[in-house]
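Right, one structure below, let's go through it.
In what follows, residues are counted from 1 in the order of the sequence shown. Because only heavy atoms are used, hydrogens play no part in the values below, and waters and symmetry mates are left out as well, while side chains stay in.
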Amino acid sequence: MKTPIHTHPSPMLIHVTRGRLKHVRGEEINFFKAGDAFIESNNGGSHYVKNVGKKPAILQVGVVSVVGMPTAIND
């Protein structure tokens, strides 16, 4: 699974509970595994996330937003 290239209008806290992810923003590449957590800023640029594990990844996501605002905007 790979997400489309997108941005977030609101900050998000992501906790990886299962799997391994590759997070790509331009030339910056990060890997996250079960137990890791990271913040996805609304000031961050376009990016995508790809599951690079052998099983489906499971994420817990907390979003600070307002009613009606999308959590992601595809570029």
Side-chain angles (χ1 to χ4, degrees):
M1 197 289 279
K2 178 180 167 186
T3 67
I5 296 174
H6 64 279
T7 58
H8 298 284
S10 298
M12 306 174 87
L13 173 62
I14 296 96
H15 179 249
V16 182
T17 57
R18 184 175 82 181
R20 183 168 159 78
L21 303 176
K22 178 180 180 181
H23 183 280
V24 179
R25 183 185 326 270
E27 299 296 316
E28 182 182 351
I29 300 172
N30 291 291
F31 290 90
F32 300 99
K33 64 184 181 326
D36 290 344
F38 60 99
I39 293 175
E40 194 62 75
S41 171
N42 57 318
N43 293 324
S46 298
H47 63 279
Y48 71 88
V49 179
K50 182 176 180 179
N51 179 5
V52 293
K54 296 184 185 221
K55 296 182 179 182
I58 297 175
L59 312 174
Q60 294 177 330
V61 180
V63 181
V64 179
S65 189
V66 296
V67 173
M69 183 178 286
T71 57
I73 301 171
N74 292 341
D75 291 351

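No option in Asn51, Val49, Ile14 other than Ile14 meets the side chain to side chain contact (heavy atoms under 4.5 Å, CB included) test with Leu59.
Using a 4.5 Å heavy-atom threshold, the side chains of Lys50 and Val24 count as separate. Proximity of His8 to His47: side-chain heavy atoms (C-beta onward) are separated by under 4.5 Å at one or more points. Contact annotation: the side chain of Asp36 never approaches that of Phe38 to less than 4.5 Å [non-hydrogen atoms, C-beta and beyond]. Inter-residue side-chain proximity for Asn42 and Pro9 is flagged as unmet; no heavy-atom pair is nearer than 4.5 Å. Side-chain atoms of His15 and Leu13, non-hydrogen and from C-beta on, never get closer than 4.5 Å to each other.
Residue pairs satisfying the salt bridge (Lys or Arg N to Asp or Glu O under 4.0 Å) criterion with at least one member in residues 9-24, sequence neighbours excluded, are absent.
Val52 and Met1 are members of different hydrophobic clusters when ILVMFWY side chains are connected at heavy-atom separations under 4.5 Å.
In this structure, the side chain of Thr17 engages the main chain of Ile58 through a donor-acceptor pair within 3.5 Å.
His23 NE2 to Tyr48 OH: the interatomic distance, rounded to the nearest 0.5 Å, is 10.5 Å.
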Identify every side-chain donor-acceptor pair in residues 67-75 under 3.5 Å, counting partners at least two apart or on other chains, and give the distances.
residue	atom	partner	partner atom	Å
Asp75	OD2	Ser46	OG	2.0

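For Ile5, the CD1 atom counts as loosely surrounded, since its 6.0 Å shell holds 12 or fewer non-hydrogen atoms of other residues, nucleotides or ligands. Heavy atoms from other residues, nucleotides or ligands lying under 6.0 Å from CD1 of Ile39 number 12 at most.
The shortest heavy-atom contact between Thr7 and Gly45 is CG2-C, 4.0 Å.
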